[in-house]
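Have a look at the structure below before the remarks.
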Amino acid sequence: MEKFRAGVIGTGFGAKVHAPMMDHHEGFDVVAISSVSRGNFEEARKASGIENIYTDWRQMIEQEKLDLVVVASAVHLHKEMVAAAFEKGVHVVCEKPMALDVAETEEMITERDSAGKLGLISTMNSAFFRLAQR
């Protein structure tokens, strides 16, 4: 099985839940995690087992060769992060709630459609399993 190379934005829930969960699935290889503002790098490293931790999520998206970006940050940042990932040409799993309002949601869907990539909302991590079964 070909693995999705994943980057996770968020060293809280992303490092403690998303990265370890993907690590237990043969379809994913989490290659990097990025902090948004917390700076809890050592805690994130211990929780996720990932050594490659960025202080800037934009840098992670630009420098890593990713197939998937997981957005597990504060909701008010989701739209910008999702847009950057789609612009880079990768699939996105976004933690819920997806956006602040309907207008942001519609913009994110338009960006997904323009990129021709999958855009999934994480609900009990079922999004990862749907993606891996593709």
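Everything quoted here is computed from the prediction, not taken from an experiment. All values below were derived from every heavy atom in this structure, side-chain atoms included, with hydrogens, water molecules and symmetry-related copies excluded.
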For this session: Could you list the residues that satisfy salt bridge (charged side-chain N to carboxylate O under 4.0 Å, His left out) with Glu87, not counting sequence neighbours?
Result: none
Exercise. Listed by chain and number, what are the salt bridge (charged side-chain N to carboxylate O under 4.0 Å, His left out) partners of Glu107, not counting sequence neighbours?
Worked result: Lys79
Hey, any chance [X] and [Y] share a hydrophobic cluster, counting ILVMFWY side chains that come within less than 4.5 Å of each other, even indirectly?
{"X": "Met22", "Y": "Leu120", "result": "yes"}
{"X": "Phe86", "Y": "Ile121", "result": "yes"}
{"X": "Val92", "Y": "Leu100", "result": "no"}
{"X": "Val30", "Y": "Met21", "result": "yes"}
{"X": "Leu77", "Y": "Val82", "result": "yes"}

Rounded to the nearest 0.5 Å, how far does [atom2] of [Y] lie from [atom1] of [X]?
{"X": "Met60", "Y": "Met81", "atom1": "CE", "atom2": "CE", "value": "9.0 Å"}
{"X": "Ser73", "Y": "Trp57", "atom1": "OG", "atom2": "CH2", "value": "8.5 Å"}
{"X": "Glu80", "Y": "Ile9", "atom1": "CD", "atom2": "CD1", "value": "9.5 Å"}
{"X": "Cys94", "Y": "Met108", "atom1": "SG", "atom2": "CE", "value": "4.5 Å"}
{"X": "Ile50", "Y": "Ser34", "atom1": "CD1", "atom2": "OG", "value": "13.5 Å"}
{"X": "Glu2", "Y": "Glu26", "atom1": "CD", "atom2": "CD", "value": "13.0 Å"}

Pairing residues for [X] by the side-chain contact (heavy atoms from CB on, under 4.5 Å) criterion, not counting sequence neighbours:
{"X": "Ala83", "answer": "Glu111"}
{"X": "Glu62", "answer": "Lys88"}
{"X": "Thr55", "answer": "Phe41"}

Write down the atom of [X], the atom of [Y], and the distance for their closest heavy-atom approach.
{"X": "Arg112", "Y": "Gly119", "answer": "CD-N, 3.6 Å"}
{"X": "Ala15", "Y": "Pro20", "answer": "O-CD, 3.0 Å"}
{"X": "Val90", "Y": "Asp67", "answer": "CB-O, 3.6 Å"}

[X] side-chain N/O to [Y] backbone N/O, donor-acceptor pair under 3.5 Å:
{"X": "His78", "Y": "Ala99", "answer": "no"}
{"X": "His91", "Y": "Lys117", "answer": "no"}
{"X": "Arg5", "Y": "Leu68", "answer": "no"}

For this session: Would you mind reporting whether Glu104 and Asp101 have side-chain heavy atoms less than 4.5 Å apart?
Result: yes
Problem set entry | Residue pair Thr11 / Ile33, side-chain heavy-atom distance below 4.5 Å | yes
For this session: Output all residues satisfying side chain to side chain donor-acceptor pair (under 3.5 Å) with Asp56, sequence neighbours left out; order by chain, then residue number.
Result: none
For this session: Using distance alone, with no hydrogens and no angle criterion, decide if Glu95 and His18 have a side-chain donor and acceptor under 3.5 Å apart.
Result: yes
